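Report on the structure given below.
Below, each value reflects all heavy atoms present in this structure, side chains not excepted, and no hydrogens, waters or symmetry copies. Computed from a predicted model, the values in this text were never measured in an experiment.
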Amino acid sequence: MTKSIVAIAGMLAATAAGAGERLSTANRSDQIVIRVDVSDQRMTVLQSGRRLFSWPVSTGGDGYVTPTGTYQPEWFSRDHRSSKYDDAPMPFAIFYDGDYAIHATFSTEMLGQPASHGCVRLHPDNARTLYEMVYATGKADTYIVVQD
């Protein structure tokens, strides 16, 4: 295993740590790990081994799946509109697996429960924060881990 993979595994294993606790001894000063827990409908954002945010999300609803795995961002779209779903707004989109993205939703009442077509939906304020953070840090230093 590479040092980077070992560091990510260490950060993910320490899920019970508090917001200010150090979760890894990785030497990467700005590396971001975004952990999406489909079972809990929650996203945890870590940077430099420290937990910064924990937010409710919506993942794939009935008949839709949010694919699990470890990804890196592929591309960004600040004001994206869906070409598949009637031009639906997907602001602050971070695409990570083809058509799958983390993005803002205006259906905030659904956060915390499955409701999407497979994407990971966030409150608009949280999506903006995450988008700006990941965009500034870069794709190469960001990992998105989606787990059941």
Side-chain angles (χ1 to χ4, degrees), residues 4 7-9 11-24 26 28-148:
S4 184
I8 292 167
M11 285 188 275
L12 296 174
T15 57
E21 284 185 68
R22 185 125 179 102
L23 300 178
S24 171
R28 304 294 297 262
S29 63
D30 58 354
Q31 187 176 66
I32 296 170
V33 176
I34 301 163
R35 186 175 63 85
V36 177
D37 190 318
V38 174
S39 300
D40 291 340
Q41 295 294 295
R42 227 133 174 103
M43 173 186 288
T44 303
V45 181
L46 303 103
Q47 187 170 30
S48 304
R50 295 188 187 277
R51 185 179 309 199
L52 299 180
F53 306 107
S54 179
W55 296 314
V57 297
S58 288
T59 61
D62 287 342
Y64 297 95
V65 174
T66 299
T68 58
T70 301
Y71 308 93
Q72 287 191 278
E74 294 173 357
W75 58 288
F76 302 93
S77 183
R78 189 174 186 88
D79 297 307
H80 195 77
R81 297 194 77 80
S82 174
S83 58
K84 285 182 141 181
Y85 300 108
D86 299 322
D87 208 34
M90 298 169 59
F92 305 109
I94 302 168
F95 285 86
Y96 63 88
D97 184 28
D99 290 336
Y100 293 97
I102 298 169
H103 64 81
T105 183
F106 298 109
S107 299
T108 56
E109 70 282 356
M110 298 299 289
L111 292 172
Q113 56 192 311
S116 78
H117 289 129
C119 287
V120 178
R121 296 179 181 176
L122 281 171
H123 186 281
D125 294 340
N126 300 339
R128 174 185 218 137
T129 297
L130 184 67
Y131 180 94
E132 290 174 353
M133 184 177 162
V134 171
Y135 191 84
T137 299
K139 296 184 287 187
D141 286 327
T142 301
Y143 296 88
I144 300 164
V145 181
V146 182
Q147 62 191 40
D148 287 329

TODO: Let me see the working for Q47 and V45 under side-chain contact (heavy atoms from CB on, under 4.5 Å), right down to the final yes or no.
DONE: CA-CA 7 Å; Q47 187 170 30; V45 181; 5.8 Å; no

Task: Evaluation steps, side-chain contact (heavy atoms from CB on, under 4.5 Å), between I102 and V134 - done: CA-CA 11 Å; I102 298 169; V134 171; over 6 Å; no

Task: Chi angles and distances behind the side-chain contact (heavy atoms from CB on, under 4.5 Å) call for V146, T66 - done: CA-CA 8 Å; V146 182; T66 299; 3.9 Å; yes

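The aromatic rings of Y96 and Y71 are tilted relative to each other, their planes meeting at an angle between 30° and 60°.
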Between side-chain atoms of residues 126-133 and protein atoms elsewhere (two or more places apart, or another chain), which donor-acceptor pairs fall under 3.5 Å?
residue, atom, partner, partner atom, Å
N126, OD1, W55, NE1, 3.3
R128, NE, E132, OE2, 3.2
T129, OG1, D125, O, 3.1
Y131, OH, R78, N, 3.4

Taking distance alone, no hydrogens or angles, what donor-acceptor pairs closer than 3.5 Å link side-chain atoms of residues 106-115 to residues at least two apart or in another chain?
none

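When atom types are taken as modelled, the side chain of S116 and the backbone of G60 share a donor-acceptor pair closer than 3.5 angstrom. Side chain of E74 to backbone of F95: no donor-acceptor contact under 3.5 angstrom is found.
One side chain, Q41 or T59, offers a donor N or O that lies under 3.5 Å from an acceptor on the other.
Residue M90 comes nearest to S82 through the heavy atom pair SD-CB, 3.7 Å, listed as atom of the first residue, atom of the second, then distance. Scanning both residues, P56 and R42, for their nearest heavy atoms gives N-NH1, 3.5 Å. Residues A104 and F92 share a closest heavy-atom pair of CB-CD1, 4.4 Å. Taking every heavy atom of both residues into account, Y100 and H117 meet most closely at CE2-O, 4.5 Å. Taking each heavy atom of P73 and T142 in turn, the nearest pair found is CD-O, 3.4 Å. Across all non-hydrogen atoms, the minimal contact from M43 to V57 is CB-CG1, 3.6 Å.
The CD1 atom of I34 sits 10.5 Å away from atom CD of Q72, with the distance rounded to the nearest 0.5 Å. One distance of note links CG of D40 with CD of Q147; it measures 8.5 Å at 0.5 Å rounding. Between S77 atom OG and I94 atom CD1 the span is 11.0 Å, to the nearest 0.5 Å. Note that the CG atom of L46 and the CG atom of L52 stand 7.0 Å from one another [nearest 0.5 Å].
A 6.0 Å sphere centred on CZ of F76 holds more than 12 heavy atoms belonging to other residues, nucleotides or ligands.
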